[in-house]
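The block underneath contains the structure these notes are about, expressed in structure tokens.
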Amino acid sequence: MQSTAWLLLVIAGLLEVVWAIGLKYTAGFTRLVPSVVTLAAMVGSVALLGLAMKSLPVGTAYAVWVGVGAVGTVILGIVLFGEPVNLVRMVSVTLIVAGIVGLKLAPSA
């Protein structure tokens with residue numbers, strides 16, 4: 001079922017955000033709880049990506065996974081860490097989102 005695969009893929013992308021942000025909190029994997037959460041999110045993210053790839057084209061699945069992770073990480077970087085917000089960054093994030101939507105809408109067969 002492709003709808004299930006897309007749901008798994010989005011969850012995998014969200015877990016990618018968790019581990020990307022989690023890396024910041026691990027302090028080089030010297031803090032136990034953030035390290036465990038980060039490692040669990042890494043494993044879960046890749047596992048769900050693999051399941052989604054059973055039904056989705058590999059290029060589409062990987063690009064969407066990376067895109068969801070990148071967009072979520074940029075947004076949380078802004079919110080949690082005060083990273084810069086400027087026109088170029090926001091246009092770039094918008095282009096990533098447009099690419100994700102385009103891949104979802106494109107016929108896969």
Side-chain angles (χ1 to χ4, degrees):
M1 288 185 121
Q2 280 207 336
S3 60
T4 301
W6 278 99
L7 177 62
L8 292 175
L9 185 57
V10 169
I11 295 168
L14 294 173
L15 285 173
E16 185 180 6
V17 174
V18 171
W19 72 255
I21 295 297
L23 283 173
K24 183 85 166 172
Y25 290 102
T26 68
F29 291 100
T30 60
R31 298 180 61 215
L32 180 61
V33 172
S35 296
V36 169
V37 169
T38 298
L39 291 171
M42 286 177 173
V43 170
S45 181
V46 172
L48 292 177
L49 173 62
L51 290 174
M53 283 185 178
K54 286 182 171 184
S55 303
L56 299 173
V58 66
T60 298
Y62 184 75
V64 170
W65 179 67
V66 169
V68 169
V71 169
T73 303
V74 167
I75 291 168
L76 284 180
I78 291 165
V79 171
L80 297 175
F81 307 123
E83 293 178 358
V85 179
N86 57 54
L87 182 62
V88 173
R89 287 188 91 201
M90 294 303 100
V91 168
S92 298
V93 167
T94 301
L95 289 171
I96 294 169
V97 171
I100 293 168
V101 170
L103 288 169
K104 171 64 173 118
L105 296 175
S108 61

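In what follows, residues are counted from 1 in the order of the sequence shown. On a predicted model such as this, the values are computed, not experimentally measured, just so you know. Computation of the quantities below employed the complete heavy-atom set of this structure, encompassing side-chain atoms and omitting hydrogens, waters and symmetry-equivalent molecules.
- In the hydrophobic cluster analysis, where Ile, Leu, Val, Met, Phe, Trp and Tyr join through side-chain heavy atoms closer than 4.5 angstrom, Tyr62 is grouped together with Val97.
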message: Run Leu23 and Phe29 through side chain to side chain contact (heavy atoms under 4.5 Å, CB included) and show every step you take.
response: CA-CA 8 Å; Leu23 283 173; Phe29 291 100; 3.5 Å; yes
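- Looking at every heavy atom in both residues, Gly44 comes nearest to Leu15 through C-CD1, 3.7 Å.
- Panel note: side chain Gln2, backbone Ser55; a donor-acceptor pair is recorded below 3.5 Å.
- Across every non-hydrogen atom of Gly67 and Ile100, the tightest pair is C-CD1, 3.4 Å.
- Under a hydrophobic-cluster definition in which Ile, Leu, Val, Met, Phe, Trp and Tyr are linked whenever side-chain heavy atoms come within less than 4.5 Å, directly or via other members, Val93 and Val85 are assigned to the same cluster.
- The shortest distance between side-chain heavy atoms of Val64 and Trp6 falls below 4.5 Å.
- Annotation: side chain of Trp19 is not in contact with side chain of Val43 (no heavy-atom distance under 4.5 Å).
- Contact of the Leu49 side chain with the Leu9 side chain is registered, since non-hydrogen atoms from C-beta on lie closer than 4.5 Å.
- Looking at Ile78 and Arg89, their side chains come closer than 4.5 Å, going by heavy atoms from C-beta outward.
- Between Ser92 and Val88, the shortest heavy-atom distance links the atoms OG-O, 2.8 Å.
- You'll find the side chain of Thr73 stays beyond 4.5 Å of the side chain of Lys24, heavy atoms only.
- The distance from atom CD1 of Ile11 to atom CG of Leu14, rounded to the nearest 0.5 Å, is 7.5 Å.
- Closest approach of Ala52 and Leu8 over heavy atoms only: CB-CB, 4.4 Å.
- Under the 4.5 Å side-chain heavy-atom criterion for grouping Ile, Leu, Val, Met, Phe, Trp and Tyr, Leu76 is connected to Tyr25 within one hydrophobic cluster.
- At distances below 3.5 Å, not a single donor-acceptor pair connects side-chain atoms of Ser45 with backbone N or O atoms of Met42.
- Hydrophobic clustering of Ile, Leu, Val, Met, Phe, Trp and Tyr side chains at less than 4.5 Å, counting indirect connections, keeps Met53 apart from Leu51.
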field: Derivation of the side chain to side chain contact (heavy atoms under 4.5 Å, CB included) call for Trp65 and Leu56
entry: CA-CA 12 Å; Trp65 179 67; Leu56 299 173; over 6 Å; no
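- One finds the CD1 atom of Ile75 at 7.5 Å from the CE atom of Met90 (value rounded to the nearest 0.5 Å).
- By the 4.5 Å heavy-atom criterion applied to side chains, Ile21 and Phe81 are counted as neighbours.
- Hydrophobic cluster membership is shared by Val58 and Val10, with clusters built from Ile, Leu, Val, Met, Phe, Trp and Tyr side chains linked at under 4.5 angstrom.
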